[in-house]
**Student:** 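What follows is a structure written as structure tokens; I'll ask about it next.
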Amino acid sequence: MNIKIRLTLMNFLQYAVWGAWLISLGAYLGNTLKFDGLQIGSFFATMGIASLFMPAVMGIIADRWIPAQRLLGLCHLCAAGFIALAATRTDYNTLYTLVLLSVMFYMPTIALSNSVAYNALDKAGLDTVTHFPPIRVWGTVGFICAMWVVDLAKMGLSSTQLYFSAALGLILGLYSFTLPDCPTDRTAGSKSLVDVFGLRAFALFKQRKMAIFFIFSMLLGMSLQITNAFADGYIKSFGDTLIHGDKYLGTFGVEHSTILISLSQISETLCILLIPFFLKRFGIKRVMLIAMFAWVLRFALLGAGNPGPGVWMFILSMIVYGVAFDFFNISGSLFVEKETAAAIRSSAQGVFMIMTNGLGALIGSYLAGWIVSHYGWPLSWYLFAGFSLVVAIVFAIVFRYKHDPDQL
């Protein structure tokens with residue numbers, strides 16, 4: 001089979017495993033199991049916890065001892081096993097522990113799958129810059145397809161979504177062992193632990209500009225998991241006749257909330273194509289500022305909309321997500337690329353990921369859960385929008401415009 005087709009299948013399954021539960025789990029936890037906001041937030045904080053150290057640990061193992069494609073398979077098999085066990089439990093403590101263990105093994109596979117793809121393309125004599133993006137986009141397609149299957153098969157309010165994810169993970173785990181072999185380097189043991197874990201890049205915090213940038217990265221990262229945790233359950237809750245009567249029963253949003261939310265991922269895919277134009281026209285700082293204001297709209301529109309006459313606000317919120325997510329993550333990554341020395345560039349990217357997907361997502365998930373438990377809906381959406389607005393305004397003030405729009 002053509003290597004590009006094989007890698008496309010790998011990426012499709014890689015993100016389908018995640019899409020099978022990431023968006024719909026919050027509805028299952030809140031609407032079916034009746035967990036409170038803080039408990040729901042804690043499940044989505046597991047990704048922040050795992051992102052703090054597991055990718056680095058598995059990266060070391062793949063570099064030195066176990067070829068990346070085999071470690072990819074082992075991680076997916078472990079993640080699938082724990083998520084399947086999680087599907088059998090409904091008590092908070094056990095369910096949380098099993099989801100945490102599953103996520104601990106899943107999160108490193110994102111980087112490992114990229115490494116496997118880069119290695120396979122290099123072996124085939126193909127340019128990674130040219131050939132990898134069209135392959136990677138199928139990962140988003142896989143994520144969306146899994147969401148649609150969960151929605152159309154009515155898995156969103158049951159643990160069946162977790163079994164579905166486990167089945168996909170089992171298939172990908174076994175498939176990974178058939179991918180091209182990745183070399184290991186046992187001589188890497190001469191490196192210091194500081195270099196191995198990429199800790200040298202934390203010296204960037206001594207630079208005022210970089211320290212402030214990473215702090216804002218963490219603050220914006222606090223928004224990343226909020227809608228993943230709560231949007232699906234919130235939209236489904238409009239079908240609760242005790243609260244809304246039969247006003248929204250039978251509407252597309254209530255019946256197919258997960259498909260509605262999948263517009264966010266579709267927007268994310270399309271907005272990537274807009275980034276080169278916006279970067280050239282406005283510069284990195286302005287693009288990041290646009291992303292921050294997009295988060296304000298994302299949350300405010302969810303608070304103001306409904307599945308009936310106000311469904312257009314839900315749809316616009318989903319479209320805005322592509323700008324909110326892509327513009328900051330990609331422009332922020334490019335800023336790190338421009339502002340750091342080649343010797344620590346990869347480690348600096350790791351720090352950026354830790355601040356956004358690690359600390360930011362961890363703190364944001366717990367804080368959002370606490371807000372939801374105390375203030376409910378739709379007020380919580382407006383509080384999230386207010387937080388994002390404050391961050392955007394302070395960012396604009398701190399990083400005042402200079403002659404060169406590409407500089408912060």
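As the structure is a prediction and not an experimental result, all values here were calculated from the model.
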**Student:** Ring centres of Tyr92 and Phe43 under 6.0 Å apart?
**Tutor:** yes
**Student:** Would a distance-only check, ignoring hydrogens and angles, find a side-chain to backbone donor-acceptor pair under 3.5 Å from Ser102 to Phe82?
**Tutor:** no
**Student:** Do you see a donor-acceptor pair shorter than 3.5 Å between the side chains of Ser237 and Asp240?
**Tutor:** no
**Student:** Which distance, rounded to the nearest 0.5 Å, do you find between the CD1 of Ile23 and the OG of Ser264?
**Tutor:** 7.5 Å
**Student:** Taking atom CD of Gln69 and atom CG of Asn119, what is their separation to the nearest 0.5 Å?
**Tutor:** 8.0 Å
**Student:** Answer with yes or no whether the side chains of Ser257 and Asp232 bring together a donor and an acceptor at under 3.5 Å.
**Tutor:** yes
**Student:** Would you call the rings of Tyr248 and Phe238 parallel, tilted or perpendicular, where under 30° means parallel and over 60° means perpendicular?
**Tutor:** perpendicular
**Student:** Could you tell me the separation between the OG1 atom of Thr109 and the CE atom of Met10, rounded to the nearest 0.5 Å?
**Tutor:** 9.5 Å
**Student:** State whether the side chain of Ser388 and the backbone N or O of Val296 hold a donor-acceptor pair below 3.5 Å, judged by distance alone.
**Tutor:** no
**Student:** Tell me whether the rings of Tyr375 and Trp370 are parallel (<30°), tilted (30 to 60°) or perpendicular (>60°).
**Tutor:** perpendicular
**Student:** Let's go through Asn228 and Gln225 carefully: what are the C-alpha distance in whole Å and the side-chain angles of both, what is the deciding distance for side chain to side chain donor-acceptor pair (under 3.5 Å) to 0.1 Å, and is it a yes or a no?
**Tutor:** CA-CA 5 Å; Asn228 289 340; Gln225 294 296 342; 3.0 Å; yes
**Student:** Step by step, would you call Phe213 with Phe352 a ring pair (Phe, Tyr, Trp, His ring centres under 6.0 Å)?
**Tutor:** CA-CA 9 Å; Phe213 169 76; Phe352 178 59; 5.7 Å; yes
**Student:** Could you state the interatomic distance from SG (Cys75) to CD1 (Ile110), rounded to the nearest 0.5 Å?
**Tutor:** 11.5 Å
**Student:** Does atom NZ of Lys154 have more than 12 heavy-atom neighbours from other groups under 6.0 Å away?
**Tutor:** yes
**Student:** Got a sec: does the CH2 of Trp148 have more than 12 other heavy atoms crowding it under 6.0 Å?
**Tutor:** no
**Student:** Answer yes when Lys236 and Glu255 have at least one side-chain N-carboxylate O distance shorter than 4.0 Å, and no when they do not.
**Tutor:** no
